[in-house]
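Note sheet for the following structure.
Quick note on labels: first sequence line is chain A, next is B, and so on, each numbered from 1. Not measured: the values here are computed from a predicted model.
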Amino acid sequence: MESKFYISKDKTAIENFTAIVNSMNDISVNGEILKYEFKIIADDIIFFRINSKNFTVKLEQIQNNIFRMYVNDELIELNCKTDTDKLKETLGIGSNSDDKQSEIRSPMPGAVVKISVCEGDRVLKGQTVMILEAMKMENELKAQSDCTVKKIHVKEKAAVEKGQLLIEL
Amino acid sequence: MIKKILISNRGEIAVRVISTAREMGIKTVAVYSDFDRFSMFAKYADESYHIGESPASKSYLLADRIIETALKCGADAIHPGYGFLSERSYFARLCNDNNIKFIGPSPEAIEYLGSKTNAKSIAIKSGVPTVPGTDHAISGLDEAKLIAGQIGYPVLIKASAGGGGKGMRIVNNPADLDSALRLAQNEARSSFGDDSVFIEKYIIAPRHIEFQILADEYGNAIHLGERECSMQRRHQKVIEETPSVIIDKDLRDKMGEAARNLAKAAGYTNAGTVEFIVDSDKNFYFLEMNTRLQVEHPVTEVRTGIDLVKEQILVASGEKLSYSQESVTFNGAAIECRICAEDPENNFIPSTGKINYLSKILGNGVREDTGIEHGDEISIYYDSMIAKLICFGNTRPDAINKMKRTLSNYQISGVKTNIKFLLELLNTDAFKNGCYNTQFIENEFMNNKKSISSDEDNLSAGIVASVNFKQRLKGEKKLHITGKRNHTGGWKSKRFFGS
């Protein structure tokens, strides 16, 4: 198992920290020894006791190396890489370096109220492409990046399931 | 005195009503849909009856079936909660026709006050200030243009039968009037089956402040003070508190008196809420009257010590109010936050799923009203509220601090929630000072989120957490490859302790 990790505070920034795993419960970060114990509370909630201080972490893995978490209510986003991850990056394999969205799927079961775009339309990041109704509320689905609408898979008033493909970009 | 109450509602409000009824020695009956067979409220009541399928239109909105159930089980009263049938006059009338006490106002009062245009005219008659605008549904674009010109832009187009922000449009200049009118009418028709709308002056930077009233069948009406409900997102209340920092005793007396007069003029009985908007010069205008118990009623209860559901039941039983206006006292400060299953990072889309972890520490001065427990599913069928937290302190900062500590330790896994969003709101200067209006969240907060530099300890913990995650992930992959993964437990259930 690899024991060296490089951590930066956002996706592109320089590596701020180097962490060396000494044992399962002992990590050195930039030379400082952090002894810790932990308990998995739920899928995304992990309790840590680090040098006797208590932290509850709600953690989400956004991409292979990118973690988004709430540590005692503070939002922290970190990029955490191993030597292998770095090698993969230079070779251009593994996690997709292109952040472009290729499709929009329904985030919940509901009904299509309105489709605001047509096939072939150029849409900008943040633009509303569709309105879905669920739980008595109308919800706008927005494009996560600038892109072009390739194909629309649903019609207005259609009932959709969670995860159903709505629009290809 | 009422002996057995059927609650024609679900979730936290059904639990809330059952609690008080039980304290009063009254038997309780729950009605439930397919989805709610084993929901908290359906287990909590003394008896429960299945009334239909999960969609509300096939269960909680079936007035006839609910009445039938009440007759079958011998309930002599129905409490409608909020939402569903609570403000449908025909349901109240159906109760009366079947000799079942409807715990709420008369069908006539619901009908009359349910129409915003009628409510406005009764306010004018009883000398309560109203926002300049039409007192009738407008006939079309020509009339809309004429009236908007008279009262001056910006104007607000509102559905007569509306609520929750549906069928509502702000129009800043004459060019936008045509399309806004059409949109508001469409929305009103699809949401309420009634496309009548009216126009009024749009108050800039308004506060939404409402007064709780209680009235009996003997002409007595009292008010229980205000609730500040200006912290809203898309016209949905997010945080409510009492007292409001802008209301002093004089203004409270004046607005409370106006609310009482209006209730008396409408022949109103039972609990109700008179909503006002207050402009930056503290002018107040009547907005509408809600003829039911409100979601945010607990802040009033903890500040006055009066159990509103108990008073509702007593009034419905034909008793006189147990309080006079002089005997109502206001103590300390109370605040309520609504914890909802929604994703603030993704335009507040409702989040569905199974709650596979739920943990909280309530403690001194904290009340929780909820109908959700560990293992429950948050579905698309009903609203996304998980719980209401109500915190009470001697001072407003006390109450806020209690709310912050409680929210910080409220842990849920399985659905996304607005908890962090609520904490961020509580930490804004605007909230701390009490200087916010109904547009605060959309106009200021969402655009000016500050990124705060990380606390060093938290950052260290974040580093440990991400390294630890990758280590565990690698460990899991290895186990998969060698086929030695323990399927009964797996690595997730193991505890790791440092030496």
If only side-chain N and O atoms count, and only distance matters, is there a donor-acceptor pair under 3.5 Å linking K142(A) with N346(B)? no
Among side-chain atoms of Y357(B) and D44(A), is any donor-acceptor pair under 3.5 angstrom?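 There is no such pair between these side chains.
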Closer than 3.5 angstrom, by distance alone: can the side chain of K420(B) be matched with the main-chain N or O of D73(A) as a donor-acceptor pair?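 Judged by distance alone, no pair lies under 3.5 Å.
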Taking E74(A) for its side chain and D455(B) for its backbone only, find out whether a donor-acceptor pair lies under 3.5 Å.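 Yes.
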Interatomic spacing from [atom1] in [X] to [atom2] in [Y] - rounded to 0.5 Å:
{"X": "I463(B)", "Y": "K9(A)", "atom1": "CD1", "atom2": "NZ", "value": "8.5 Å"}
{"X": "Q61(A)", "Y": "K470(B)", "atom1": "CD", "atom2": "NZ", "value": "7.5 Å"}
{"X": "L75(A)", "Y": "N458(B)", "atom1": "CG", "atom2": "CG", "value": "11.0 Å"}
{"X": "I380(B)", "Y": "E133(A)", "atom1": "CD1", "atom2": "CD", "value": "10.0 Å"}
{"X": "S460(B)", "Y": "E32(A)", "atom1": "OG", "atom2": "CD", "value": "6.0 Å"}

Return yes when atom NZ of K432(B) has more than 12 non-hydrogen atoms of other residues, nucleotides or ligands closer than 6.0 Å, and no otherwise.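 Check passes, neighbour count above 12.
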With chain A as the partner, which of [options] has the greatest number of non-hydrogen pairs under 4.5 Å?
{"options": "G462(B), G353(B), A56(B)", "answer": "G462(B)"}
{"options": "G414(B), S466(B), S359(B)", "answer": "S466(B)"}
{"options": "N356(B), I419(B), N347(B), L423(B)", "answer": "N347(B)"}

Considering residues at least two apart in sequence or located in another chain, which fulfil the salt bridge (charged side-chain N to carboxylate O under 4.0 Å, His left out) criterion with K404(B)? none
Not counting sequence neighbours, which residues clear salt bridge (charged side-chain N to carboxylate O under 4.0 Å, His left out) with R182(B)? List them please. D178(B)
Which atoms of L141(A) come close to chain B, meaning under 4.5 Å heavy atom to heavy atom: side chain ones, backbone ones, both, or neither? side chain
Indicate yes or no: at least one non-hydrogen side-chain atom of [X] is less than 4.5 angstrom from one of [Y].
{"X": "R472(B)", "Y": "F38(A)", "answer": "yes"}
{"X": "E60(A)", "Y": "K416(B)", "answer": "yes"}
{"X": "D457(B)", "Y": "F55(A)", "answer": "yes"}

Any idea which heavy atoms bring M69(A) and A465(B) closest together, and the distance?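 Shortest heavy-atom separation between M69(A) and A465(B) comes out as SD-CB, 4.1 Å.
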Selection from [options] maximising heavy-atom pairs under 4.5 Å formed with chain B:
{"options": "I46(A), L132(A), I76(A)", "answer": "I76(A)"}
{"options": "I7(A), I45(A), I27(A), D26(A)", "answer": "I45(A)"}
{"options": "L34(A), N72(A), V57(A), L59(A)", "answer": "L59(A)"}
{"options": "I50(A), I41(A), N51(A)", "answer": "I41(A)"}

F469(B) versus chain A, heavy atoms under 4.5 Å apart: side chain, backbone, both or neither? side chain
Side chain / backbone / both / neither for L358(B) at chain A, heavy atoms under 4.5 Å: neither
